[in-house]
Amino acid sequence: PTKELNVICNINELNTSPVKPKYKTIKIKDEYNQDEFNNVFNKYKKVFITADNAGSGKSYVCKKFKPNKTLFICPVNSLVMDIRKENIEAITTHKLLGLGIDDDIITKNKYDITDYECIVFDEVALYDITTLHKIKKFINENKNKIFLATGDTNQLQSIGDNIYNNINNYKQYKYNA
């Protein structure tokens, strides 16, 4: 049996009137139907893939999405190393945003994403609210990219403020960009 995935899409780009953010939830019953995912990713451009459990195929479908060039962004270096073993480009959030050890101080240059068509934020439930704000700002500065994110409610709790337990706040901070 297949695991059901939820795809939450920011449909503001499809709506020309300046209104409150609108989201559409699409239930995908077959995580192996890559064509269905590709159509959703290309249509909505900002997509959050969630499920109730780990191992449901959230990251898998993002890895199989084949735009010109994709970059995975991970909260921890061990996840970066695991993804790179699959010959997929990946960096940490700190490297992307040019952050040093202190998250509030930009100590390095931001990572150059010019050549990438798609940016995937993997395991977003691990981010705290401060990092989510920085990611939102980054998305706003790069509107011409496709942004995908994965996460589930059974993640380890983030370090710092955790808003994932309130899905409405989570959508606001992650996808109201």
Which atom of [X] lies closest to which atom of [Y], heavy atoms considered:
{"X": "Phe138", "Y": "Leu96", "result": "CZ-CD1, 3.6 Å"}
{"X": "Asp122", "Y": "Ser59", "result": "OD1-OG, 2.6 Å"}
{"X": "Phe65", "Y": "Gln34", "result": "N-NE2, 3.6 Å"}

Intermediate values then yes/no, side-chain contact (heavy atoms from CB on, under 4.5 Å), Ile49 and Phe41
CA-CA 10 Å; Ile49 303 157; Phe41 297 163; 3.5 Å; yes
Atom [atom1] in [X], atom [atom2] in [Y]: separation rounded to 0.5 Å?
{"X": "Leu148", "Y": "Lys45", "atom1": "CG", "atom2": "NZ", "result": "10.5 Å"}
{"X": "Asn142", "Y": "Thr114", "atom1": "CG", "atom2": "OG1", "result": "8.5 Å"}
{"X": "Leu71", "Y": "Cys118", "atom1": "CG", "atom2": "SG", "result": "9.0 Å"}
{"X": "Thr131", "Y": "Lys136", "atom1": "OG1", "atom2": "NZ", "result": "14.5 Å"}

Evaluate the criterion side-chain contact (heavy atoms from CB on, under 4.5 Å) for residue pair Val47 and Phe37; output intermediate values, then yes/no.
CA-CA 10 Å; Val47 178; Phe37 278 103; over 6 Å; no
Please lay out, stage by stage, how Ile146 and Asn42 fare under the test side-chain contact (heavy atoms from CB on, under 4.5 Å).
CA-CA 7 Å; Ile146 296 171; Asn42 284 313; 3.8 Å; yes
List the steps and the verdict of salt bridge (Lys or Arg N to Asp or Glu O under 4.0 Å) for Glu141 and Lys110.
CA-CA 12 Å; Glu141 292 169 351; Lys110 291 182 180 181; 3.3 Å; yes
Is it the case that Thr93 and Tyr127 place a side-chain donor and acceptor less than 3.5 Å from each other?
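Thr93 vs Tyr127: donor-acceptor pair found between side chains.
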With the 4.5 Å side-chain cut-off for hydrophobic clustering, are Ile119 and Leu132 part of the same group?
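Yes, Ile119 connects to Leu132 through the hydrophobic network.
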Determine, using the 4.5 Å side-chain heavy-atom cutoff (strictly less than), whether Ile135 and Ile91 are members of one ILVMFWY cluster.
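Ile135 and Ile91: one cluster.
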Hey, does the side chain of [X] reach the backbone of [Y] with a donor-acceptor pair shorter than 3.5 angstrom?
{"X": "Arg84", "Y": "Glu89", "result": "no"}
{"X": "Thr92", "Y": "Val76", "result": "no"}
{"X": "Lys145", "Y": "Ile113", "result": "yes"}

Could you list the residues that satisfy salt bridge (Lys or Arg N to Asp or Glu O under 4.0 Å) with Glu117, not counting sequence neighbours?
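Scan of Glu117 (salt bridge (Lys or Arg N to Asp or Glu O under 4.0 Å), adjacent residues dropped) gives none.
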Mind telling me whether Phe121 and Phe147 have parallel, tilted or perpendicular rings, with 30° and 60° as the class edges?
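Parallel, since the angle between the ring planes stays under 30°.
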With respect to Phe72, which candidate in Leu79, Ile83, Thr150 satisfies the side chain to side chain contact (heavy atoms under 4.5 Å, CB included) definition?
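For Phe72, the side chain to side chain contact (heavy atoms under 4.5 Å, CB included) test succeeds with only one of Leu79, Ile83, Thr150, which is Ile83.
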Before giving the answer on side-chain contact (heavy atoms from CB on, under 4.5 Å), spell out for Lys134 and Leu99 the whole-Å C-alpha distance, their side-chain angles and the decisive distance to 0.1 Å.
CA-CA 10 Å; Lys134 290 175 183 167; Leu99 300 172; 4.1 Å; yes
Could you tell me which residues satisfy side-chain hydrogen bond (donor to acceptor under 3.5 Å, both in side chains) with Lys69, sequence neighbours excluded, listed by chain and number?
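For Lys69, no residue satisfies side-chain hydrogen bond (donor to acceptor under 3.5 Å, both in side chains) once neighbours in sequence are set aside.
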